[in-house]
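Just below is one structure, and these are the notes that go with it.
Just so you know, these numbers use all the heavy atoms, side chains as well, and skip hydrogens, waters and symmetry mates. Bear in mind that the values here come from a model prediction, so they are computed numbers and not experimental data.
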Amino acid sequence: MTFAIDLDAERREVQYPNGIPVLLNGEQFIFPAEVPADCLDPLFSDELDLMGLLSDVVNAESSTTTAGEIVEVLFKRPKLPALFYRAIKDIYRELLGAQTYAEFKAARPSIPDYVRLTKALVTVYGVDLGKLFRSGSSSASDSQPSSPTSPATTDSTPEASGSAPASPDSSDSDD
């Protein structure tokens with residue numbers, strides 16, 4: 001029998017059968033080979049309200065949000081940095097377990113350590129939070145292909161939005 005989705009297929013455990021080893025201040029910590037789904041729960045808490053923040057940024061007054069507008073939205077949430085930092089620590093506690101996290105914390109990771117480790121784990125885990133926050137409509141595209149589909153033409157995008165691509169016979173008639 002074939003399956004459209006096979007969750008038993010080889011996963012990251014094959015590449016990291018004993019977990020993902022991380023060295024911090026001379027001590028080794030083993031992160032799980034796969035991210036348990038509930039590890040991201042702290043990012044989606046009502047208290048942190050990242051979705052509300054993203055909504056405010058998207059719904060900013062102008063059609064093109066500037067860095068100043070983003071800073072203004074952030075200043076409306078003075079607790080956000082502390083809440084975000086706590087959420088990151090909660091994610092690490094979930095990944096490592098309470099005892100190993102206590103040992104990890106005792107190694108005194110710095111903010112740059114958390115940033116570097118988080119970036120590295122995102123790469124290894126393949127978790128792209130940007131994709132999680134994109135709306136469904138932005139991923140679909142009705143646009144023309146970005147590369148030519150025929151060797152006879154190199155123009156793959158119509159000149160005017162919504163116009164039909166020029167056919168090989170009519171492309172010379174613009175003179």
Side-chain angles (χ1 to χ4, degrees), residues 2-60 62 64-141 146-147:
T2 61
F3 299 95
I5 299 172
D6 181 0
L7 295 178
D8 293 335
E10 287 186 0
R11 299 187 294 181
R12 198 166 285 103
E13 285 96 350
V14 172
Q15 187 177 2
Y16 300 101
N18 300 315
I20 300 166
V22 172
L23 187 63
L24 172 67
N25 297 332
E27 294 187 49
Q28 179 176 301
F29 299 94
I30 304 296
F31 284 77
E34 290 286 337
V35 178
D38 55 354
C39 279
L40 296 180
D41 286 351
L43 289 178
F44 300 110
S45 73
D46 290 338
E47 188 178 19
L48 185 58
D49 192 29
L50 281 183
M51 295 309 289
L53 172 68
L54 289 173
S55 175
D56 287 351
V57 169
V58 168
N59 294 322
S62 68
T64 57
T65 306
T66 65
E69 290 170 321
I70 292 172
V71 169
E72 185 177 322
V73 168
L74 290 174
F75 276 122
K76 290 180 183 178
R77 291 176 166 79
K79 294 181 181 180
L80 182 66
L83 291 171
F84 187 73
Y85 179 58
R86 185 171 65 199
I88 294 297
K89 291 192 299 185
D90 288 346
I91 291 170
Y92 279 86
R93 186 178 297 107
E94 186 72 32
L95 285 169
L96 292 169
Q99 181 179 345
T100 305
Y101 177 73
E103 295 167 10
F104 176 80
K105 194 172 176 186
R108 312 261 312 142
S110 66
I111 297 292
D113 288 336
Y114 273 108
V115 171
R116 284 192 310 271
L117 180 55
T118 300
K119 285 181 176 180
L121 288 173
V122 164
T123 300
V124 171
Y125 286 138
V127 176
D128 185 348
L129 292 177
K131 288 181 182 175
L132 292 175
F133 288 114
R134 286 189 195 128
S135 67
S137 62
S138 66
S139 62
S141 175
S146 61
S147 61

*Straight-line distance of S45 OG to L83 CG, nearest 0.5 Å*: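 Rounded to the nearest 0.5 Å, the OG-CG separation comes to 7.0 Å.
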
*Roughly how far, to the nearest 0.5 Å, is the CG atom of D46 from the CE atom of M51?*
11.5 Å

Are the side chains of [Y] and [X] in contact, using a 4.5 Å heavy-atom criterion?
X: V124; Y: F31; answer: no
X: F44; Y: L50; answer: no
X: K76; Y: D56; answer: no
X: R77; Y: D49; answer: yes

*asked:* Checking D41 now: which residues fulfil salt bridge (charged side-chain N to carboxylate O under 4.0 Å, His left out) with it, not counting sequence neighbours?
replied: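 Here no residue qualifies.
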
_Test salt bridge (charged side-chain N to carboxylate O under 4.0 Å, His left out) applied to R86 - qualifying residues, sequence neighbours left out_ =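 With sequence neighbours excluded, R86 shows a salt bridge (charged side-chain N to carboxylate O under 4.0 Å, His left out) to E47, given in chain and number order.
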
Can you see which heavy atom on [X] is nearest to which on [Y], and at what distance?
X: P42; Y: I91; answer: CG-CG1, 3.9 Å
X: P21; Y: Y16; answer: CD-CD2, 4.5 Å
X: L96; Y: I30; answer: CD2-O, 3.5 Å

_Verdict with reasoning, L80 to L48, per side chain to side chain contact (heavy atoms under 4.5 Å, CB included)_ = CA-CA 7 Å; L80 182 66; L48 185 58; 3.6 Å; yes

Taking only residues two or more places apart in sequence, or in another chain, which ones meet [X] in a side chain to side chain contact (heavy atoms under 4.5 Å, CB included)?
X: P36; answer: P32, D38, C39, L95
X: A107; answer: L24, N25, E27, F29
X: Y85; answer: K89, I111, Y114
X: Q99; answer: E103

*Got more than 12 heavy atoms from elsewhere within 6.0 Å of CZ, F84?*
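Open: at most 12 neighbouring heavy atoms sit under 6.0 Å from CZ of F84.
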
*Got a sec, which residues hit side chain to side chain donor-acceptor pair (under 3.5 Å) with T118, two or more places apart in sequence or on another chain?*
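Per chain and number, T118 pairs via side chain to side chain donor-acceptor pair (under 3.5 Å) with Y92.
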
*So which pairs with a foot in residues 107-119 pass salt bridge (Lys or Arg N to Asp or Glu O under 4.0 Å), sequence neighbours left out?*
D113-R116

